[in-house]
Amino acid sequence: MASNTAHEIARQIPTRFDFESAQKRLYELWQNGGYFRATVNHDKQPFTIVIPPPNVTGALHLGHALNNTLQDILVRLRRMQGFEALWMPGTDHAGIATQAVVERRLKEEEGKTRHDLGREKLVELIWQWKDQYEARIISQLKRMGCSCDWERTRFTLDDMCARAVRHTFFDLFEKGLIYRGKRLVNWDTYLQTAVSDDEVFNETVKGHFWHLKYPVVSPQPGEPEFVVVATTRPETMLGDTAVAVHPEPAKALDKIQADLEDRLSTASKNEHASLLIQLEAVNQRRIVMLPQLEQLRDMARAGRMLKLPLMEREIPLICDEWPKPELGSGCVKITPAHDPNDYEVALRHQLEMINILSPDGSLNVEAGSYAGLPLKSARKQVVADLESLDLVAQVEEREIELPHSDRSKTPIEPFLANQWFVKMDQLSQSAMDAVTDGAVRIVPQRYTKTYLDWLSEKRDWPVSRQLWWGHQIPVWSKAVADTQEQASMVKELTQSLKINGTSAAIQVEPCEEANEQKRVKLGLPWATIHVAICNQDDPLEKLIEALGFERVEDVLDTWFSSALWPHSTLGWPSLTEDLEYFYPTSTLITSRDIITLWVARMVLMGLNNCGQTPFDEVYIHPKILDGYGETMSKSKGNGIDPLDVIDKFGADALRFGMAYLTTETQDVRMPVQFECPHCEASIEQTRKNRELPRISCPKCSQMFATQWAKSDEDLSLPRGLVLSERFEVARNFCNKLWNASRFSIMHLEGFKPAPVLDSNLRLEDRWILSRLSTVQQLVTTDLDKYRFAEASRTLYDFAWDEFCSFYVEILKDRLGDEKQRAVAQRLLAFSLDQLLRLLHPVIPFITEEIWQLLSHAAPQRGLDQIAEAEPVLIAAHWNVLDPDWQNPEIESQFAKFQNVLAGLREIRARQNLGPKTPVEFVVRCSDQNRRLLESMMAYFESMACATCKGVGPDVAIPMPNATITMSEIDVFVNLTGLIDIAAEMKRLEKEQQRLTNLVATNQGKLNNPSFTDRAPEQVVSQVRQSLQEAEEQLTSLARAISDLASFE
RNA sequence: GGGCGGUUAGCUCAGUUGGCUAGAGCGCCACGUUGACAUCGUGGAGGUCGUUGGUUCAAGCCCAAUACCGCCCACCA
């Protein structure tokens, strides 16, 4: 640019913000400038956020957009406030999820399973996948404007995290807080791994309820020939090792009855009926079933046996409290290896546990002739065989809640396996204390209950996964045959290898089968010796492997490494400067579904490893749902891609939209629309059309494809974007800001910086400064308290309704006046500067762009002190304006001007006057108000095309007129030659009605002695004042009405 | 079964510790476009705050009951 006059610069500013090119350019400007970098700086206070690491399974969705927008808003705010702000980025290896995705692709594309590849090859393949998706995720975060310190980017499986994982594992192992045990696990037969309870969801499916008859072995006279048991999974009967009956059926029924009666006494009407029905059922059962159950109980006590059909095995009838006498036949078949409750029963009664399932979901040798059959066929076969033996008493149709794996979406089979656990009692307690003591504060507070309830169960955490993708458990194990071998092996390890020092530890796990005979019969070892090694590639590994130890194949649950995230990313276990300075982190921003899985575990691991909680505060943000209140997901087709929103509306609009929606409630609804790629029409998404591969646009009748497009024909169609109109608000806001700034900069031609003298400030200047200062304070406290929606709303209203609609409009006049221009320019540059700072954390791109343009036109600016503007807004200071500028008196004076203006505009609209039709008016008011309004006269002209012909207590009232009455001010618009009397009369009468009602309610209040006696004095006087004002206005109005009537 | 949210204008949502006439955006209606912005401007219509009862001088807000919608946890041989 040869001559950089402000006007020329401004002329080059397009009327619309070109966000696409600006986003790229500005992001590079920030990144290359090193503004995202955070380093230890003891002159500053640290502010740290660790990103909830997104899974490397795929792309970011709208939930991520929300989560990361909020984090970036806080980080940018704190950076501007002068904190050393660190936002630690990274991704999560997401064990099961990622391996599942890659395996599925391997199957689809090459028809191979992981076993065809082998562990090493598969892991290598997943690393490639990870690189690709990590890059994609990071580029998405960058496109959103996230100001992470990218040089620190971590991955939960990188060397730094691996080191932290091994140290943690070793520490817990050494303390005896990690152990191996045989447990029923949720077996995913598709992925062939155990999944935790948290990775299981229930789905209601249609199923059957089979009632099976087990013959009693040599029944005595009077005894039944069969015992009936019911099951939804008949094939599991092959692994039955007992049938149980309640030891005290009568007592149990009594208790149930007592409970029901207890509840009946406090029940609501609705419950009442259902309780009565239940009571009746218990009574029935007492009559019909009790004798039978007692008989079975006696048989069980006598040690009677049953014959397990098909397997021809004798199994005992036992007494246990698990079967509920009020349900079914009152008897339960016990399948210890395949049902969690039965497992507990088996432990109590030392029953044999027969696992009939292979890892791939087919039956194993324990299933006798059914071995090799997949579960489904086994079920059919078992039922058919039992039917042919007439051993099926009954089959019911029934809806069954079936557990499914969250990852593979296939049914879960309970399965007995060796697993590793973390003992939770102490650790949980420490994490509970951290929250109850206030060391960690959860916002909104209601979520502390979720957190505490879950932890208080103190259930041990199963941490092993039969996967290849993850941190392999650093344990080497060896079975020993007897106590001598055990002793000599332990001796060997401790003496010659000096294990049990700082870097390796031993655990001896005795065989879970206490019965020696059974143990030998089952071929189980005497004990297993486990050695955990702390450091990677420790030479000790080779040495113990030479002794016959084998490394545990399992990997750790992903959440194990995630739990270390706040300190592992800062260098723990080394006591780095970073760790010392940035830990504990300041706040964690996440969604509520991982409060237990992640937040709680981070707290307890942080306490265990660092002795300090990992963060001071946790903010839980809402979930985004579609217009039907359903969660968004790609599999439903209602997911909005944040990149589509960025492409269509810009990153700032995405961010503003997100912040604007972040209220205190649990969920946010976002109606979803397709956008026709041909005509840009917006088509409301319904449950039906969101499942279609192609949609015909109702506006232009052309077809477009959706994410479901599979056929070549559909794929050849252009794809319709999935968007929400809720981002339009934000886009429009950005546009408004852009154009107001464009106007401002255009009018900074000839700008000369100089301090603005107090005497030069007009009412509107004091007003905007008061508002700016107030808004700055409001926004700061709102953001401090995570009230993102309120902060955004305040900014939106201020920027649009006050800065644009009033201040800029008013300045138009002064900018056009040579005498006033210089001061007006200084004020305009200054207030825009202030506004941009306030908006920057939420909408960083557009504000930075305007900042740069503003600095071209007005490089030095200020109010009382002139200074060079900071070169980039991202590094500008947040607090500039003195709170002393806040002035309620000025604001209320300005409100009078606004009211008069609004009144004039309303009359114009009512009289249907074009914007250029001039009108004249007079104002009747006190001298004080006269002085106030006189200073604003020019603006009535410029903003309402209205000329004032007189103002004061004794002005001559023009006739005919239109009147606006307000407190202490009456405005009369001269309507000679213009008047639509009927319209004006209608308006006046409506106003009269409103005031009459107001007078009536206020009078009613004041006539009520209990109100005047009991309400606070302030409230009473407010009502008195309101009444007085209303009455005065009513008087003026009555006069105006009669005048108008007489004119007619 | 236990817990947690929600129900305010046609739609999506605000509404601080109870206190003047319950607000916004979108949509709708009317008018308006040679210089910041039609992604705009000005004005307007539109609400018995889910229902019932209670506390209070005063309830969208507090209490109790109830209906519906949603989420989480547990359990169902």
Side-chain angles (χ1 to χ4, degrees), chain A residues 10 13 15-17 197 202 209 229-233 236 243-244 268-270 322-324 327-335 339 341-342 400-401 446-447 449-450 453-454 457 592-593 595-596 622-623 625 627-631 649 653 660-661 663-671 724-726 728-729 731-747 787 789-790 793 796-797 804-805 808 812 902 905-910 912-916 943-944 994-995 997-998 1001-1002 1005 1008-1016 1018-1020 1022-1023 1025-1027 1029-1030:
Chain A
I13 305 175
T15 60
R16 294 196 185 164
F17 174 46
D197 291 346
N202 285 325
F209 202 47
V229 293
T231 180
T232 53
R233 298 188 299 159
T236 61
V243 168
S268 61
K269 274 180 202 163
N270 264 43
W322 155 236
K324 295 177 184 167
L327 289 177
S329 68
C331 294
V332 180
K333 63 193 266 306
I334 303 296
T335 322
D339 181 281
N341 294 304
D342 294 3
I400 299 166
E401 290 268 299
R446 62 173 178 274
Y447 292 112
K449 193 169 161 54
T450 313
D453 284 356
W454 185 80
E457 287 181 26
R592 66 173 181 274
D593 38 8
I595 292 174
T596 54
K623 264 183 103 116
L625 308 174
Y628 297 104
E630 294 180 30
T631 49
F649 299 118
Y660 198 75
L661 292 175
T663 58
E664 288 245 342
T665 48
Q666 290 201 136
D667 303 310
V668 166
R669 278 202 197 195
M670 180 172 282
S724 177
E725 67 196 5
R726 300 200 65 179
E728 279 176 29
V729 179
R731 188 266 320 263
N732 295 352
F733 175 62
C734 291
N735 179 63
K736 186 72 187 175
L737 176 71
W738 179 256
N739 278 292
S741 306
R742 180 170 176 268
F743 171 86
S744 304
I745 292 164
M746 217 185 272
H747 288 81
R787 294 191 297 229
E790 259 180 278
R793 222 166 276 273
Y796 180 95
D797 292 345
C804 294
S805 296
V808 171
K812 277 180 179 172
R905 283 170 168 175
E906 193 193 323
I907 289 173
R908 297 189 63 98
R910 187 74 56 189
N912 226 339
L913 303 178
K916 294 281 152 60
M943 293 169 79
R994 186 184 71 83
L995 287 166
N997 292 344
L998 186 60
T1001 52
N1002 281 338
K1005 279 182 189 171
N1008 181 351
S1010 43
F1011 172 72
T1012 47
D1013 291 350
R1014 300 198 189 191
Q1018 200 195 348
V1019 173
V1020 177
Q1022 264 174 9
V1023 172
Q1025 201 190 332
S1026 160
L1027 176 64
E1029 283 172 12

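The sequence lines fix the lettering, A, B, ..., with proteins before strands; numbering per chain opens at 1.
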For A:Thr232, which contact category applies under a 4.0 Å heavy-atom criterion: base, sugar-phosphate, or nothing? sugar-phosphate
Which value, in whole Å, describes the distance between the C1' atoms of nucleotides B:A9 and B:C49? 10 Å
Can you tell me if A:Glu457 has over 12 outside heavy atoms packed within less than 6.0 Å of its CD? yes
Does OP1 or OP2 of B:C4 have a side-chain N or O of A:Thr450 closer than 4.0 Å? no
Strictly by Watson-Crick or wobble contacts shorter than 3.5 Å, is anything paired with B:G41, and which nucleotide is it? B:C31
Please give the distance between the C1' atoms of B:C40 and B:G35 as a whole number of Å. 14 Å
Between P of B:G3 and CG of A:Asp593, the distance in whole Å: 22 Å
Length of the line joining A:Arg669:CZ and B:C13:P, which is rounded to integer Å: 6 Å
From CZ of A:Arg446 across to P of B:G5 the rounded distance in Å is 6 Å
RNA chain B: 5'-proximal contact among A:Glu906 and A:Ser1026 (nearest heavy atom): A:Ser1026
Atom-pair distance (NZ on A:Lys623; C1' on B:C13), nearest Å: 20 Å
Considering all heavy atoms of both residues, which atom of A:Leu661 and which atom of A:Pro622 are nearest to each other, and what is their separation? O-CG, 4.5 Å
Looking for any heavy atom pair under 4.0 Å, which part of the strands does A:Thr335 touch: base, sugar-phosphate only, or nothing? nothing
Rounded distance in Å - CG (A:Asp797) to C1' (B:C13): 13 Å
Both distances below 3.5 Å, Watson-Crick or wobble geometry, any strand: find the nucleotide opposite B:G5. B:C69
Would you classify A:Trp322 as touching base, sugar-phosphate or nothing, given that sugar-phosphate means primed atoms plus P, OP1 and OP2, and contacts are heavy atoms under 4.0 Å? sugar-phosphate
Is A:Arg16 near enough to B:U39 that one of its side-chain N or O atoms lies under 4.0 angstrom from OP1 or OP2? yes
From the options B:C71, B:A14, B:U42, select the nucleotide whose nearest atom is closest to the side chain of A:Arg793. B:A14
How long is the line joining CZ of A:Arg910 and P of B:A30, in whole Å? 15 Å
P spacing across the pair B:C71 / B:G60, given as an integer number of angstrom: 31 Å
C1'-based separation of B:C75 from B:C68 [nearest Å]: 25 Å
Candidate nucleotides B:G19, B:A36, B:C31, ranked by approach to the side chain of A:Asn912 - the nearest: B:C31
Pairing nucleotide - B:G53, Watson-Crick or G-U, each distance under 3.5 Å: B:C63
Contact class for A:Lys324 (heavy atom, under 4.0 Å): base, sugar-phosphate, or nothing? base
Out of B:C76, B:G3, B:A14, which nucleotide sits closest to the side chain of A:Lys449? B:G3
Return no unless some side-chain N or O of A:Lys736 is found under 4.0 Å from OP1 or OP2 of B:G41. yes
With rounding to the nearest 0.5 Å, note down the distance linking CH2 in A:Trp322 to CG in A:Asn341. 3.5 Å
What's the separation between atom OG1 in A:Thr450 and atom CZ in A:Arg592, rounded to the nearest 0.5 Å? 9.0 Å
Do the side chains of A:Tyr660 and A:Arg726 get nearer than 4.5 Å, heavy atoms only? no
As a test of reading the structure: which of B:G19, B:G70, B:C37 is closest to the side chain of A:Asp667, going by heavy atoms? B:G70
Across every strand shown, the nucleotide meeting Watson-Crick or G-U wobble geometry with B:G25 (both distances under 3.5 Å) is B:C11
Is the shortest side-chain N/O distance from A:Thr665 to OP1 or OP2 of B:A14 below 4.0 Å? yes
What is the distance, to the nearest angstrom, from the CD atom on A:Glu728 to the C1' atom on B:C11? 14 Å
When you compare B:G1 with B:C62, how far apart are their P atoms, in angstrom units rounded to a whole number? 27 Å
My understanding is that a pair needs two contacts under 3.5 Å, Watson-Crick or G-U wobble. By that rule, which nucleotide pairs with B:C75? none
Spacing of the C1' atoms in B:G43 and B:U48 (rounded, Å): 27 Å
So what does A:Pro1016 hit on the nucleic acid, given a heavy-atom distance under 4.0 Å: a base, only sugar-phosphate, or nothing? base
In this structure, CG of A:Asn732 is separated from OH of A:Tyr796 (nearest 0.5 Å) by 7.0 Å
On the nucleotide B:C76, are OP1 or OP2 found under 4.0 Å from the side-chain N or O atoms that A:Asn341 carries? yes
Under the 3.5 Å rule, do the base of B:A58 and the side chain of A:Lys1005 count as making a donor-acceptor pair? no
Determine the contact category for A:Thr663: base if any of its heavy atoms lies under 4.0 Å from a base atom, sugar-phosphate if only primed atoms, P, OP1 or OP2 are that close, otherwise nothing. sugar-phosphate
Could you state the interatomic distance from CZ (A:Arg446) to CD (A:Glu664), rounded to the nearest 0.5 Å? 7.0 Å
Proximity to the side chain of A:Asn732 - top-ranked nucleotide from B:G19, B:C40, B:U42: B:C40
Look at the side chain of A:Arg908 and the base of B:U42, then say whether one donor and one acceptor between them are separated by less than 3.5 Å. no
Taking only residues two or more places apart in sequence, or in another chain, which ones meet A:Arg908 in a side chain to side chain contact (heavy atoms under 4.5 Å, CB included)? A:Leu913, A:Thr917, A:Val919, A:Cys945
Whole angstroms only, please: what is the CD-C1' distance between A:Glu725 and B:A24? 15 Å
Within the modelled atom types, does a donor on one side and an acceptor on the other bring the side chain of A:Arg731 and the base of B:U39 under 3.5 Å apart? yes
When the C1' atoms of B:G54 and B:A59 are compared, how many Å lie between them, rounded to an integer? 11 Å
Under 4.0 Å, counting only non-hydrogen atoms across every strand here, what does A:Val1023 touch: a base, just sugar-phosphate, or nothing? nothing
Just by distance, do the side chain of A:Asn739 and the backbone of A:Thr15 share a donor-acceptor pair under 3.5 Å? yes
Expressed as a whole number of Å, how far does the C1' atom of B:U8 sit from that of B:C31? 31 Å
